[in-house]
Amino acid sequence: MQDTSVRTEHHENRISRKNLVSSLLTGLIIGIFAGAPLGWFSHGIYARQRAAQADGVTTPLKG
């Protein structure tokens with residue numbers, strides 16, 4: 001009998017180590033630039049709420 005199984009080439013789908021490191025660093029840089037403003041903004045809201053609770057006065061959030 002002949003072997004009729006089809007051999008698929010997985011080599012073209014593999015990511016090389018250089019591309020993997022490059023992709024990870026790119027994602028990290030994008031994450032820092034996207035996450036830092038979001039963290040800063042949310043920290044400002046949280047700090048205002050905590051300050052208002054400590055004072056016993058609620059202040060409306062600026063939107």
Side-chain angles (χ1 to χ4, degrees):
M1 281 196 162
Q2 291 182 340
D3 186 17
T4 58
S5 63
V6 177
R7 184 180 290 182
T8 58
E9 291 294 327
H10 293 290
H11 184 54
E12 63 189 41
N13 291 335
R14 299 181 98 187
I15 186 167
S16 68
R17 187 178 303 267
K18 180 181 175 185
N19 289 338
L20 178 64
V21 172
S22 174
S23 296
L24 290 173
L25 288 176
T26 301
L28 181 65
I29 291 169
I30 291 172
I32 288 171
F33 281 110
L38 291 174
W40 177 70
F41 179 73
S42 61
H43 172 71
I45 291 174
Y46 177 76
R48 276 185 266 152
Q49 289 177 346
R50 293 289 292 176
Q53 288 175 355
D55 292 340
V57 179
T58 57
T59 56
L61 298 176
K62 295 179 181 177

Nearest 0.5 Å, please: how far is [atom2] in [Y] from [atom1] in [X]?
X   : Y   : atom1 : atom2 : value
R48 : Q53 : CZ    : CD    : 13.5 Å
L25 : L20 : CG    : CG    : 9.5 Å
W40 : I45 : CH2   : CD1   : 10.5 Å
I29 : L24 : CD1   : CG    : 11.0 Å

Item checked: Expected output: side-chain S22 to main-chain K18 donor-acceptor under 3.5 Å -> no
